[in-house]
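Letters A, B, ... mirror the listed sequences (proteins, then strands); counts begin at 1.
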Number of protein chains: 2
Amino acid sequence: MSEPRLRADAADNRARIVEVAREVVAGSEELKLNAIAKRAGVGQGTLYRHFPTREALLAEVYRHDVEELVATAPALLAEHDPITALARWFERLADYARVKRGVLAAVEVGVWRDLTARSLGPIGEALTALLDAGRAAGVVRPDVDARDVILLVGYLGRLEEQEWDTRARHLLQVVLDGLRARP
Amino acid sequence: MSEPRLRADAADNRARIVEVAREVVAGSEELKLNAIAKRAGVGQGTLYRHFPTREALLAEVYRHDVEELVATAPALLAEHDPITALARWFERLADYARVKRGVLAAVEVGVWRDLTARSLGPIGEALTALLDAGRAAGVVRPDVDARDVILLVGYLGRLEEQEWDTRARHLLQVVLDGLRARP
DNA sequence: CACGCTAGCGGACACGTGTCCGGTTGTCAC
DNA sequence: GTGACAACCGGACACGTGTCCGCTAGCGTG
């Protein structure tokens, strides 16, 4: 289960890649992988070994943000009824997704990776907690899981900037209604 | 409104490109654009002039299927109540989407193109008809349009083959419930 | 410290996409 | 028919992605 521990230079390279990637997305330049490699002073091979896909890199870059997002779930549940908590959580997700497009991809890949590994993983746990609470209260339909929800809100990633204001929040509401238990 | 009419050779090339593309997708080979160009006996420039994006080509390739899909909407409305009609239409869409992945992209780009051109276009009209009927009967929420729905069902395009059976239909139901008018 | 084994390196390469532009060829007016 | 002009052609090119593999150098051992 525990990683075989990286060699010193490898860990170094990995860290430098992530750092450069973070700078790049922070400057809202687009993420060109071989450029990242060059700027990090490593070959492409190195980059691709550490992060087999673009999403893997994004997942690492946004890990902090994702963890932040995950952390809000319990707090929301403590303060609100399950449906409201879920709604609020969606809003947070939307806020992230708007500014940092990559975060959505990171979440998607994360949930998928985790679910197939049969361990929910942080995001899965957060979402599952929200869903479970709703189910327990009889306000969320019993037949949906974290992956389902992620699939549904995935439209956020395909939204054009200009239609964000009119559609993002609004469709989140539609999704939420779909997740409710049918009376 | 009417296209300026193509030059003879241009029309010819265009037709041949589409034909080849159709063969390729029929053989379930993947669509490599420059390969299409070569097999159609034209340069890439020509291909890209006729179809600026991959989606544009797919839209043409699947136009027939899409029109078929569109045509079912009135029939469904005549036979069923609006919600059932919408549900059935979703199922058709899912059937297409499963077999011909490209059709989803074609629908998405079509709806988007049409909506921005302020003329709904065939798919938009079909969906709008379904939604309107539901609205009129008070069973569909009044604040959603065709683009909204397409965005929501877009998850079909990101579904892994293996999870299709467990999730596709099921999530369609969730979306449908979300589209219902709140009692 | 020296040695060897192997994890890790990194850049050349193969491939797909999409653009650009000099040359060609339909088409229409006369 | 013929000329001229625009529409159209097509392939070279620039770029990004992802793979592969011969070489390098970190790290544990004696």
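Here the closest heavy-atom approach between residue B:Tyr155 and residue B:Leu172 is recorded as OH-N, 3.0 Å.
A salt bridge does not link B:Asp145 with B:Arg147: every distance from a Lys NZ or Arg NE/NH1/NH2 to an Asp or Glu carboxylate oxygen is 4.0 Å or more. Between A:Asp177 and B:Arg141, at least one side-chain nitrogen of the basic residue sits less than 4.0 Å from a carboxylate oxygen of the acidic one, meeting the salt-bridge criterion. One finds a salt bridge joining A:Arg14 and A:Glu60 here, because a Lys/Arg side-chain nitrogen approaches an Asp/Glu carboxylate oxygen to under 4.0 Å.
One interatomic measurement links the two molecules: CG of A:Leu47 to P of C:dC9, which rounds to 11 Å at whole-angstrom precision. For the pair B:Ile17 CD1 and D:dC8 C1', the computed distance is 12 Å after rounding to whole Å. Between the C1' atom of D:dT24 and the CG atom of A:Asn13 lies a distance of 13 Å, rounded to the nearest Å. If you measure from atom CZ of A:Phe51 to atom P of C:dG8, you get 13 Å, rounded to the nearest angstrom. Atom P of nucleotide C:dC9 and atom NZ of A:Lys38 are separated by 18 Å, given to the nearest angstrom.
Heavy atoms of other residues, nucleotides or ligands lying less than 6.0 angstrom from CZ of A:Arg92 number 12 at most.
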Quick one: which protein N/O atoms are closer than 3.5 Å to N/O atoms of nucleotides 14-20 of chain C? Pair and distance per line, please.
{"residue": "C:dG16", "atom": "OP1", "partner": "B:Lys32", "partner atom": "NZ", "Å": "3.1"}
{"residue": "C:dT17", "atom": "OP1", "partner": "B:Arg54", "partner atom": "NH2", "Å": "2.3"}
{"residue": "C:dT17", "atom": "OP2", "partner": "B:Leu33", "partner atom": "N", "Å": "2.9"}
{"residue": "C:dG18", "atom": "O6", "partner": "B:Gln44", "partner atom": "NE2", "Å": "3.0"}

Please write out the pairs of protein N or O atoms and N or O atoms of nucleotides 24-30 of chain C separated by less than 3.5 Å, giving the distance to one decimal.
{"residue": "C:dT27", "atom": "OP1", "partner": "B:Ala8", "partner atom": "N", "Å": "2.7"}

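Contact check, B:Arg49 against D:dC9: a side-chain N or O comes under 4.0 Å of OP1 or OP2. Applying the 4.0 Å criterion to OP1 and OP2 of C:dG8, one finds that A:His50 has every side-chain N and O outside that range.
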Would you check, one step at a time, whether the test salt bridge (charged side-chain N to carboxylate O under 4.0 Å, His left out) holds for A:Asp148 with B:Arg167?
CA-CA 7 Å; A:Asp148 286 332; B:Arg167 299 198 130 98; 2.7 Å; yes
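Exactly one residue among A:Val149, A:Leu152, A:Val175 makes a side-chain contact (heavy atoms from CB on, under 4.5 Å) with B:Val174. That residue is A:Leu152.
When side chains are defined from C-beta on, A:Phe90 counts as touching A:Leu179, because their heavy atoms get closer than 4.5 Å.
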